[in-house]
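Whatever order the structure lists ligands and atoms in, that order sets their numbers, starting from 1. Keep in mind the model is a prediction, meaning the values are calculated, not measured. Atom set for the values below is all heavy atoms of this structure, side chains included, hydrogens, waters and symmetry mates excluded.
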Amino acid sequence: MQGSPEGREGGEDVAASWWRDGVVYQIYPRSYADSDGDGIGDLRGITARLDHLEWLGVDGIWLNPTMPSPNEDWGYDVADYCAVHPELGTLEDLDALIAEAGRRGMRVLLDLVPNHTSDRHAWFQDALGGHTARHREFYVWADPKPDCSPPNNWLSSFGGPAWTLDEASGQFFLHNFLPTQPDLNWWNEEVRESFDDILRFWFERGIAGFRIDVTHGIVKDRELRDDPAATPDDHPVIQARGQKQVFSMNRPEVHDVLRRWRAIAEADDPKRILVGETYVLDLDQLMPFYGEGEDELNLAFNFLFVHAELDAEALREIVEGVEERLPPTSWPVWTGSNHDAGRLATRWAGGDPARARLAVLMLMCLRGTPFLYYGDEIGLPDTPLDPADALDPVPRRTGKAERNRDPCRTPMHWTAEPGAGFTEPGAEPWLPLGDAAAHNVADQREDPGSPLHLTRDLIALRRARPDLRAGRYETLPAPPGAWAWRRGDGHAVALNLSGSEVTVDGLRGRVAIATDRARDGEAVEGALTLGPWQGAVVELDG
Ligand code: GLC
Ligand code: MG
């Protein structure tokens with residue numbers, strides 16, 4: 001399944017470096033391409049669209065959950081870890097996707113959800129049998145307080161208490177998300193062994209690794225102590241929750257589990273990789289997830305960056321913070337979009353095409369692995385939807401319409417035709433299509449000035465220039481509202497993250513790619529002037 005990994009300078013482990021040099025593309029399988037006209041994207045649909053991904057030049061694909069699930073949380077409630085959701089296809093379809101992607105030099109990452117199962121999982125169904133059930137201790141159970149209230153103050157991330165009473169046994173079970181997503185008990189060695197087997201099962205089928213859901217959260221405080229209240233110093237996301245999840249999640253013992261998984265991933269040839277959803281909003285908490293000397297996650301998503309505004313100072317500070325803290329053997333990862341946070345064109349760009357182009361250029365030129373979310377390459381915005389119709393349970397449970405994640409999970413736009421090339425004309429897509437005429441792959445393929453060509457050309461530039469893949473990062477002087485940095489010896493990147501013209505001094509060379517494509521190839525003689533929300537990669541004079 002290996003393509004031909006390109007070499008890196010610096011004597012790193014070349015065979016395992018595809019994920020450092022490459023670009024990863026996240027696919028929400030229900031929304032990418034529907035091969036059988038049932039309105040639901042599926043694995044065969046993805047395989048049929050690999051031409052697009054090969055043309056785009058991505059090196060890896062992360063698939064959101066593909067396992068059987070009652071879909072209370074759209075696949076993040078897993079009912080069987082070693083099978084494929086029938087709506088998405090079969091194990092054979094997944095094998096075919098992995099093989100076909102591999103032939104084209106692309107690796108496939110699956111989504112692993114170890115924090116919780118579906119309540120329909122056989123383990124939980126058995127656990128409901130009572131105190132002596134074989135799988136009782138696979139989950140986190142606790143007695144009520146004397147006044148019959150839940151065992152502690154922990155809150156579900158999806159609203160309400162994190163505990164639900166099982167009337168039959170008189171005990172509460174823990175769920176940091178939906179009540180239909182009971183948390184697993186990672187203090188139980190049998191849970192750990194079961195997941196060792198799950199990892200090996202999928203590695204044997206040829207996947208390149210996993211994106212691991214809620215990595216930071218799987219181990220809970222053994223004594224189930226109360227979470228403390230948030231304080232005004234906490235990140236706004238933590239303040240909105242009202243509590244710091246220091247006991248319900250984020251326990252130091254998670255690192256034992258990560259070391260165990262990394263050892264399994266490294267035992268395979270080629271080595272498999274682990275990418276963590278490490279939802280901590282503090283860089284000092286993020287770094288330990290890489291372990292010591294590369295023995296935990298290969299890549300740990302940076303949610304401080306995901307949640308930052310598209311603002312020069314805010315983003316620069318986070319990048320500098322990572323550059324300062326990350327050990328030399330570890331590797332950053334950058335993304336601004338996903339199936340929870342929204343698409344680049346909306347989340348960061350607020351619908352402004354210039355900002356969306358700038359965001360893609362930034363991601364492709366930082367030191368680290370960029371992750372794009374499907375549709376980012378065509379500047380696809382979130383689809384405005386009525387929260388009253390949400391399929392996502394979160395807005396309903398929290399009463400917060402803005403937490404509806406359906407708008408960023410709508411189908412991909414391949415063409416302007418009925419069905420958008422996603423499904424057959426006339427078929428009812430599982431989520432509304434939105435306006436496929438505004439942004440679609442077919443039209444943008446014909447337009448060299450399109451976001452699609454910009455994304456492809458940036459990926460190709462990154463592949464062609466060792467500086468852009470592996471070169472060191474160094475902040476360069478830039479006026480307020482702008483951000484400039486050098487990559488390696490031969491390249492600089494300048495972004496104007498403001499609505500006024502700026503001039504970045506001290507650059508001499510030639511524009512390799514600018515967000516305004518008319519400027520590609522322009523000579524830079526000491527200063528680069530950028531219009532509002534413009535950016536450029538400059539090849540510096542040697
Ligand atoms: C992660 C997923 C999100 C899911 C949650 C619970 O945050 O990204 O989509 O709802 O975990 O599994
Ligand atoms: Mg289908």
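Only one option out of Phe201, Phe210, Phe195 pairs with Tyr81 in a ring-ring contact (aromatic ring centres under 6.0 Å, His included); it is Phe195. Evaluated for a salt bridge (charged side-chain N to carboxylate O under 4.0 Å, His left out) with Lys244, the options Asp234, Asp233, Asp282, Asp227 yield exactly one hit, Asp234.
When ring centroids are compared, Phe124 and His116 stay outside the 6.0 Å threshold. Outside the 6.0 Å centre-distance limit, the rings of His339 and Trp74 are not counted as a close aromatic pair.
For the pair Arg107 and Trp19, the cation does not sit on the ring face, since its NZ or CZ is not both under 6.0 Å from the ring centre and inside 45° of the axis. Seen from the ring of Trp55, Arg445 counts as a face-on cation partner, given the 6.0 Å and 45° thresholds.
Within the structure, ring-ring contact (aromatic ring centres under 6.0 Å, His included) contacts touching residues 369-411 (residues at least two apart or in different chains) are Phe301-Phe371.
Not one N or O on the side chain of Asn298 forms a donor-acceptor pair closer than 3.5 Å with the backbone of Ile273.
Around the Mg ion (ligand 2), the protein contributes the following N, O or S atoms at distances under 2.8 Å: Asp34 OD1, Asp36 OD1, Asp38 OD1, Ile40 O, Asp42 OD2.
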Starting from the N and O atoms of ligand 1, collect every protein N/O partner closer than 3.5 Å and put each pair on its own line with the distance to 0.1 Å.
from	atom 1	to	atom 2	distance (Å)
ligand 1	7 (O)	Glu277	OE1	3.3
ligand 1	7 (O)	Glu277	OE2	2.8
ligand 1	8 (O)	Arg211	NH2	3.1
ligand 1	8 (O)	His339	NE2	2.7
ligand 1	8 (O)	Asp340	OD2	2.5
ligand 1	9 (O)	His339	NE2	3.0
ligand 1	9 (O)	Asp340	OD1	2.7
ligand 1	9 (O)	Asp340	OD2	3.4
ligand 1	9 (O)	Arg405	NH1	3.2
ligand 1	10 (O)	Asp73	OD1	3.3
ligand 1	10 (O)	Asp73	OD2	2.6
ligand 1	10 (O)	Arg405	NH1	2.9
ligand 1	11 (O)	Asp213	OD1	2.9
ligand 1	11 (O)	Asp213	OD2	3.1
ligand 1	12 (O)	His116	NE2	2.9
ligand 1	12 (O)	Asp213	OD2	2.9

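With sequence neighbours left out, Glu87 forms a side chain to side chain donor-acceptor pair (under 3.5 Å) with Arg30, Asn71.
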